[in-house]
**Q** 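Here you go, one structure.
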Number of protein chains: 2
Amino acid sequence: MAIKRHNPHACDAWQLLVKFSFTQNTQVSPLAAELELSPAQCHVLRLLEPDKPIPMRQLADGLCCDASNVTGLVDRLESKGLVRRTASDEDRRVKVIELTPKGARLRAAFMERMAAPPEGLERLSVREQQTLVRILARLLE
Amino acid sequence: MAIKRHNPHACDAWQLLVKFSFTQNTQVSPLAAELELSPAQCHVLRLLEPDKPIPMRQLADGLCCDASNVTGLVDRLESKGLVRRTASDEDRRVKVIELTPKGARLRAAFMERMAAPPEGLERLSVREQQTLVRILARLLE
DNA sequence: TATTGTTATACTCTATAACTATA
DNA sequence: TATAGTTATAGAGTATAACAATA
């Protein structure tokens, strides 16, 4: 792979990030179960920032899945009282989805639990933490 | 959150990593479809390093799922000719799973595609890349 | 004509519970 | 008794195709 030959450190860093994301992803399931949600439902809640209603089409894009899935996904979240469907005024084909107060609370609980930093992070010096933030921000922008 | 007050940079870094892992995870689905696999099947292949057979129980642990799922998952991968079941000699309750040559090729294709570094990585200086590798390695060890 | 959301369908994933074989 | 793997079951996730309403 040409890129690897020319840029070994970039590839090392990327592989570590990818490995991390795989591991991190397996943590979603048990946490979701604890909150009585499915992993897919957690991903929907994650995409729904409080007070920012978005069309169902945009949810499908964010989940990288077919639009037909979103119907059932939103159905189940709505029956749990976590989200609301509203017809759009501008385009009457569109339905926008927003969190209910209950949904917003559950979303906050999920995000906080996912964002709980691991032990390892404490071992880094403040300077290293700052460096990491700066580099990641540029990398993921 | 006490940890956030005392350690804002650590939390910033962690939140960026978590956000990255969510985004990265959505990339698995389309890639899996391209390889004619399900996301779950890709995760099994990922856990099966070439020439390192592992018990089904260990697969369940790695996937953070119930052991009963692994039966069907391995069934389907086996019928595709990607993995092999073998009875263990030491403990006759155990079945160890290993990649077939075809499975190893598909695993390599998946891992290589997932590990393809993004544009942003090229924008970092070599020094920054090295720093990132060093910090991530300590963080994820 | 193209797009948004829905429905029907078929298949996969998943946890639970009950089971067999082995330790 | 405890553990590894299987089976049956029920519910959820998923893509495909066809559809109605709207743009």
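Note: hydrogens, waters and symmetry copies are ignored here, and every other heavy atom, side chains too, is used. In what follows, chains are A, B, ... by sequence order, proteins preceding strands, each numbered from 1.
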**Q** Please report the distance, rounded to the nearest Å, between CG in Leu73(B) and C1' in dC11(C).
**A** 14 Å

**Q** Look at all strands and tell whether Thr71(B) reaches a base, only sugar-phosphate, or nothing, counting heavy atoms closer than 4.0 Å.
**A** base

**Q** Can you check whether Leu45(A)'s main-chain N or O pairs, donor with acceptor, with Arg107(A)'s side chain at less than 3.5 Å?
**A** yes

**Q** More than 12 heavy atoms of other residues, nucleotides or ligands under 6.0 Å from NZ of Lys19(A): yes or no?
**A** no

**Q** Is it the case that the side chain of Arg46(B) and the backbone of Phe110(B) share a donor-acceptor pair, with hydrogens and angles ignored and the cut-off at 3.5 Å?
**A** no

**Q** If you check the Cys65(B) side chain, which of dG5(D), dT6(D), dA15(C) turns out closest?
**A** dA15(C)

**Q** For Val94(B) and Asp89(A), find the nucleotide of DNA chain D closest to each by heavy atoms; which residue's nucleotide sits nearer the 5' end?
**A** Val94(B)

**Q** Nearest-Å distance, NZ (Lys95(B)) to P (dT3(D))?
**A** 19 Å

**Q** Is the shortest heavy-atom distance from the side chain of Leu17(A) to the side chain of Phe20(B) under 4.5 Å?
**A** yes

**Q** Can you tell me if the side-chain N/O atoms of Ser38(B) get under 4.0 Å from OP1 or OP2 in dT12(C)?
**A** no

**Q** Is the phosphate of dC11(C), meaning OP1 or OP2, less than 4.0 Å from a side-chain N or O of Arg76(B)?
**A** no

**Q** Donor-acceptor pair, distance only, cut-off 3.5 Å: does the side chain of Ser88(A) make one with the backbone of Lys95(A)?
**A** no

**Q** Nearest whole angstrom, please: distance from the C1' of dA12(D) to the CD of Glu36(A).
**A** 15 Å

**Q** Please check if the side chain of Gln129(B) supplies one atom and the backbone of Leu124(B) the other of a donor-acceptor pair under 3.5 Å.
**A** yes

**Q** Looking only at side-chain N and O atoms, does Arg57(B) come under 4.0 Å of OP1 or OP2 in dA2(D)?
**A** no

**Q** Show the atom names and distances, to 0.1 Å, of all donor-acceptor pairs under 3.5 Å that link a side chain in residues 52-63 of chain B to residues at least two apart or in another chain.
**A**
| from | atom 1 | to | atom 2 | distance (Å) |
| --- | --- | --- | --- | --- |
| Lys52(B) | NZ | Glu49(B) | OE1 | 3.3 |
| Arg57(B) | NE | Asp61(B) | OD1 | 3.4 |
| Arg57(B) | NH2 | Asp61(B) | OD1 | 2.7 |

**Q** Taking the side chain from Ser79(B) and the backbone from Arg76(B), do they hold a donor-acceptor pair closer than 3.5 Å?
**A** yes

**Q** Is there a donor-acceptor contact under 3.5 Å from the side chain of Thr26(B) to the main chain of Cys64(A)?
**A** no

**Q** Can you pull every protein N or O that's under 3.5 Å from an N or O on nucleotides 16-18 of chain C?
**A**
| from | atom 1 | to | atom 2 | distance (Å) |
| --- | --- | --- | --- | --- |
| dT16(C) | O4 | Ser68(B) | OG | 2.7 |

**Q** List every contact pair, protein side and nucleotides 20-22 of chain D side both N or O, where the distance is under 3.5 Å.
**A**
| from | atom 1 | to | atom 2 | distance (Å) |
| --- | --- | --- | --- | --- |
| dT22(D) | OP1 | Arg92(A) | NH2 | 3.3 |

